[in-house]
Amino acid sequence: MEARYEPRRLEAKWQQIWEETRLFDAAEDPDRPKYYVLEMFPYPSGRIHMGHVRNYTIGDVVARYKWMRGNNVLHPMGWDAFGLPAENAAQKAGIHPARWTYDNIDYMRGQLKALGYSYDWRRELATCDPDYYRWEQLVFLEMFRQGLAYKKMSPVNWCPQCRTVLANEQVEDGACWRCDSEVVLKELEQWFFKITDYAEELLGDLDRLEHWPERVITMQRNWIGKSFGAHIHFPVQGEAEPLTVFTTRQDTLLGATFMSLAPEHPRALALARGTPQEAEVRRFVEHWGAVNKSRGALEDVTKEGVFTGRYCVNPVTGWDLPIFIANFVLMGYGTGAVMAVPAHDQRDFEFAQKYGQRITVVIQPPGEELGADILTQAYEDEGVLVNSGPFSGQESAPAREAIAAYLAEKNLGAPAVQYRLRDWGISRQRYWGAPIPIIYCEACGAVPVPEADLPVVLPLDVEIRQVGASPLAELESFWRTTCPACGGPGRREVDTMDTFVESSWYFLRFACPDYAQGILDPARVNYWSPVDQYIGGIEHAVLHLLYARFFTKVLRDLGHVNLAEPFARLLTQGMVLKDGAKMAKSKGNVVDPSDMIQTYGADTTRLFLLFAAPPERDLEWSDQGVAGAHRFLHRVWSLTHTILPDIQNVPAYEGIGTDFSPGLWEFRHKVHQTIKKVTEDIEGDFHFNTAIAAAMELVNAFYQTLEALPREELTFRVWREAIEVLVKLLNPMVPHIAEELWQILGNDTSLQLQTWPAAQPEALMESAFTLVVQVDGKLRGKIVVPVSATDEELKTWALNDPSVQKWLKGEPRRVILAKRKLVNIVT
RNA sequence: GCCUGGGUGGCGGAACGGGUAGACGCAAGGGACUUAAAAUCCCUCGGGGGUUACCCCCGUGCCGGUUCGAGUCCGGCCCCAGGCACCA
């Protein structure tokens, strides 16, 4: 009597066994190669969504596979637990952020356990736990000591109505997302991490990340934005101090006809002082200086400017260049001043036309003759220099070198490198985050909290009421303290750290989450790191993955880890879509993983997510596809029970099958081909979809074989071998049913402890193959031939095949044999 | 505008360095079993055509090229998704 496949009962059973036997606890072991697989940890938002399930299932397959391959696997899970939604929930529902967060963690942990993931739960950590962020505070202090953490004035998004700073994500079309009032830029003192110190290494090491997706590398490269060019000093008439610009096109220097400054340029107002333009300049600067330039709203804004009444001098041509303030010049890039070359920069061209400025062509495209009078737009490509004195006739690239050298020699400038990357502002005027461990003192300034006083614990006895603002500033018991340096009155920093700080190093802490003597336990972190395989969404391509790389290098330089790059391999999995759109509550297309587990079980849910698309591609959810996955598991279940009486008391076949009937040999051949295929698909680029397809083919072949093969002991022994192979191959993907079937087959140790099957070379060998015959590249016939045939025999048989002969027109001109697989006859 | 991906049946997707296009699954149609349904099993399943146990023509976004042979390589376009974007 066949037992029913009851996923819920059987999954609960195995989850309990794995937990009770501590099967997935990881420990350092010098005798086995370590393998650290990690999925990006979740924010405890309330419930696991299908995107999480996809992410963690991919990681779990990798972990369980590597395990069976003999690796010492580390596979941890934790919670990125600080963040704004907790505060919002607190205001809305009156629950304390800590309570809300920990309740969510408890619930979501249960959901993850119901999916049967192979985590070492002893290592679970939550970043809002003082035992975690105390070490983060220590990292901050060490960075502060090295000058890598510093404070400076910086513009932030400020809502005057709510009287709080807003994150970029909370500004919608320049207005506060809550009260819809206009957001202004406000200068505030903010803490920064000096990521720009690492710009060069972060850029250079991208070349070493061979197993990262190309697009992530490209995105990071663009984000860092390294440009080669020159600084050029333009003397200002009547002033000692020149204006310095950065340009990548110093080859166009002799075509510079005016100068543009950013509205926020420190000398903008000073230059206009005393000129007739002063009032107009002041109005312009006030207007445009207040507009937030960091966001997209400026795209459609027309180019505007105002003349300052002052001139500077083109250091090579000696021309007087009027100095403008222009709304399109960015203070945050380069020097905030640009030389305007209207003939060769579209922005400058438009500006020059509007304000009647001179246009001089200094670059000629090949085979064309440009003139200032006929230009309808700027020519921005490279070419040959003209009207450029001694540099005329040179190509752009060598001219850039020559002009930079000339400038350096005359002390008029120097070659320069410019990065787009800016320092990382980490101050958040928020409550639910890690406190920044600094005390302000009238006498001593910003003083680090002594290491012995860590952690600076985030107080829980606060009332969350004011919209969005941190309550820490109002909590005197928190901020009132004494200066650690002089003992005088002190005031704690009330800002908290950006939550991206926590996720910048959690993967290292997983190696030693219980370590109480410091940030990282050197022995353990150096054993486990780097993460061999990191898996997560593409949305973190720049921010998290760049910060994590930065932090790893900082921690290396601080002596905590012996590592330059944290993630050896990166897999960015695609989104889970339903009806063509990302699952979202607002769209009403959410499928709840817990419902799927209830209806079909964790194994079916996992199997569908692995089978429906390759991991890096978006996946379209299909209820019918899930049913199909379930049907396959049923087939495997029934197959095992069908053959069970026959194979119960026979050992698995172990020979090389030379004395087999053709049918039996063919079946065993399929078994070993499947081993090869599944192994290669997983090893290659995690092509689980085709690995599962191969397993399905094996099951189909198995069913066909049940009737076809003679019912004798040899058959049963091969069946036994085949079913054991099948169950092992399926284990990483659908571990519960695999374990259950393994037990039903009479084994009493966990399937997870078995070694991965190896394809037997003898069983992979072919005695015959299908020769494809083409005539003039068109398929005309197929012949089954023995592998022992010679090349000449293959050609002869192809030519003599009846279905081929009718296409031949006399003597063929050529006969091509390709890879002993295909013959093409050219007539 | 720039940078990544990607365009293959009704659908999700296969096809290792150029060599049988459509594996595997879903949906659909037909059949078996059943009093009936569900479940299960079997067959068909890119389009068109024919002399229909077989065979032919067309077919991987579009146009051209290389090659005995192109989904795959080269050149030129078109469309979709994502990222960056007044970066001098």
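Bear in mind that the values here come from a model prediction, so they are computed numbers and not experimental data. What's counted below: heavy atoms across the whole structure, side chains too, no hydrogens, waters or symmetry copies. Just so we're on the same page: letters track the sequence lines, and every chain starts at 1.
Of the candidate nucleotides B:G25, B:G19, B:G5, B:G19 has the atom lying nearest to any side-chain atom of A:Lys821. For A:Phe611, counting side-chain heavy atoms from C-beta on, the closest listed nucleotide (B:C86, B:A88, B:C24) is B:C24. Checking B:G13, B:U40, B:U20 against the side-chain heavy atoms of A:Leu779 singles out B:U20 as nearest. Among the nucleotides B:G25, B:A88, B:A27, the one closest to any side-chain atom of A:Val329 is B:A88. Nearest nucleotide to the side chain of A:Asn700, out of B:C68, B:C87, B:C24: B:C24. Considering only the side chain of A:Arg617, B:G13 comes nearest among B:C86, B:G13, B:C26. If you check B:C24, B:A27, B:A88 against the side chain of A:Ser227, the one that comes closest is B:A88. Out of B:G83, B:C26, B:C86, the shortest distance to the side chain of A:Gln624 is found at B:C26.
Taking atom C1' on both B:G64 and B:U51, the two are 39 Å apart, rounded to the nearest angstrom. Comparing the C1' positions of B:C24 and B:U8 gives an interatomic distance of 16 Å, to the nearest angstrom.
Using a 4.0 Å heavy-atom cutoff across all strands shown, A:Ala612 reaches sugar-phosphate atoms only and no base atom. Using a 4.0 Å heavy-atom criterion, one finds that A:Gly628 contacts the sugar-phosphate atoms exclusively. Nucleic acid contact for A:Ser803: none, since no nucleic acid atom lies under 4.0 Å from a heavy atom of the residue. Using a 4.0 Å heavy-atom cutoff across all strands shown, A:Pro614 reaches sugar-phosphate atoms only and no base atom. Residue contacts shown for A:Trp807 are limited to sugar-phosphate atoms, with no base heavy atom under 4.0 Å away.
OP1 or OP2 of B:A85 sits under 4.0 Å from a side-chain N or O of A:Arg420. The side chain of A:Asn689 places an N or O atom within less than 4.0 Å of a non-bridging phosphate oxygen (OP1 or OP2) of B:A14. Proximity of A:Lys778 to the phosphate of B:C58: a side-chain N or O atom is located under 4.0 Å from OP1 or OP2. In terms of phosphate contacts, A:Tyr703 brings no side-chain nitrogen or oxygen within less than 4.0 Å of OP1 or OP2 of B:C41. In terms of phosphate contacts, A:Arg347 brings a side-chain nitrogen or oxygen within less than 4.0 Å of OP1 or OP2 of B:C87. Proximity of A:Arg249 to the phosphate of B:A88: no side-chain N or O atom is located under 4.0 Å from OP1 or OP2. Between A:Thr690 and B:C24 there is no side-chain polar atom (N or O) within less than 4.0 angstrom of OP1 or OP2. Between A:Arg635 and B:U40 there is no side-chain N or O to OP1 or OP2 distance below 4.0 Å. Contact check, A:Arg780 against B:C56: a side-chain N or O comes under 4.0 Å of OP1 or OP2.
Between A:Asp791 and A:Lys795 no salt bridge is recorded (no basic side-chain N to carboxylate O distance below 4.0 Å).
No side-chain donor-acceptor contact under 3.5 Å links A:Glu264 to the backbone of A:Ala262.
With 3.5 Å as the limit, one finds a donor-acceptor pair spanning the side chains of A:Arg635 and A:Asn700.
Ring geometry for A:His634 against A:His630 counts as perpendicular: the plane angle is over 60°, on a 0 to 90° scale with 30° as the lower cut.
In terms of polar N and O atoms assigned as donor or acceptor, the side chain of A:Gln774 comes within less than 3.5 Å of the base of B:G19 in a complementary pairing.
Atom CD1 of A:Ile535 is separated from atom CD of A:Glu616 by 12.0 Å, given to the nearest 0.5 angstrom.
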